[in-house]
Amino acid sequence: DADMIKVNISFLKAVATSDKDYYLRVYVNYQNTRNPIFVEILSGAIVIYDDIINTAVEHWVKSGNARLKRAALAGQKTLNRKKRSK
């Protein structure tokens, strides 16, 4: 459900502002997921550049699942913008 994905993205972004370590642990815990919904949420919630997030996104971009890969590519674009503005 698109609305629930948006709520989860907002929640994860809020977590990033209050507890960066916990935020990054979420990416570590889900870096091997192949669930497109999780990847959409995690890619949409990228607010900083970090090698931990980059590792997860690079893994997802290699997926053969079109929906998962599309979300990962969007996350990769966000990461590249964050890296340049770092």
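Heads up: numbering here begins at 1 and tracks the sequence.
- Distance alone, capped at 3.5 Å, is enough to place a donor-acceptor pair between the Y23 side chain and the V47 backbone.
- Side-chain heavy atoms closer than 4.5 Å link hydrophobic residues (I, L, V, M, F, W, Y) into clusters, and following such links, possibly through other members, connects V39 to F11.
- When each of K69, K77, R70 is checked for a side-chain contact (heavy atoms from CB on, under 4.5 Å) with L73, only K69 meets the rule.
- Within a 6.0 Å radius of OH in Y49, more than 12 heavy atoms belonging to other residues, nucleotides or ligands are found.
- Looking at Q31 and I52, their side chains never come closer than 4.5 Å, going by heavy atoms from C-beta outward.
- We find the CG-CG distance between D50 and N54 to be 9.0 Å, quoted to the nearest 0.5 Å.
- Between the side chain of D19 and the main chain of V15, no donor-acceptor pair closer than 3.5 Å is present.
- N29 places a side-chain N or O within donor-acceptor distance of the main-chain N or O of R25, the cut-off being under 3.5 Å.
- With sequence neighbours excluded, the residues satisfying side chain to side chain contact (heavy atoms under 4.5 Å, CB included) with N35 are T33, I37, F38.
- Within the 3.5 Å criterion, the main-chain N or O of H59 finds no donor-acceptor partner in the side chain of S63.
- A heavy-atom distance below 4.5 Å is found between the side chains of L42 and W60.
- Rounding to the nearest 0.5 Å places CG of D21 at 6.5 Å from CG of L24.
- Side-chain contact between E40 and R67 is present, with heavy atoms from C-beta onward closer than 4.5 Å.
- The heavy-atom pair separating G75 from S43 by the smallest distance is CA-CB, 3.9 Å.
- Here the side chains of Y22 and L12 are not in contact, with every heavy-atom distance at 4.5 Å or above.
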Next on the checklist: Assess the residue pair I46 and Y27 against the criterion (side chain to side chain contact (heavy atoms under 4.5 Å, CB included)); give the C-alpha distance rounded to whole Å, side-chain angles, the decisive distance to 0.1 Å, and a yes or no.
Outcome noted: CA-CA 10 Å; I46 296 171; Y27 286 88; 3.7 Å; yes
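- L79 and V28 fall within a single hydrophobic cluster, where Ile, Leu, Val, Met, Phe, Trp and Tyr are joined by side-chain heavy atoms under 4.5 Å apart, directly or via other members.
- Across all their heavy atoms, I41 and I9 have their closest contact at O-CG1, 3.5 Å.
- Checking side-chain atoms of T17 against main-chain N and O of A14 turns up a donor-acceptor pair under 3.5 Å.
- Here the side chains of Q76 and N80 are in contact, with some heavy-atom distance below 4.5 Å.
- Between N65 and P36, some side-chain heavy-atom pair lies under the 4.5 Å cut-off.
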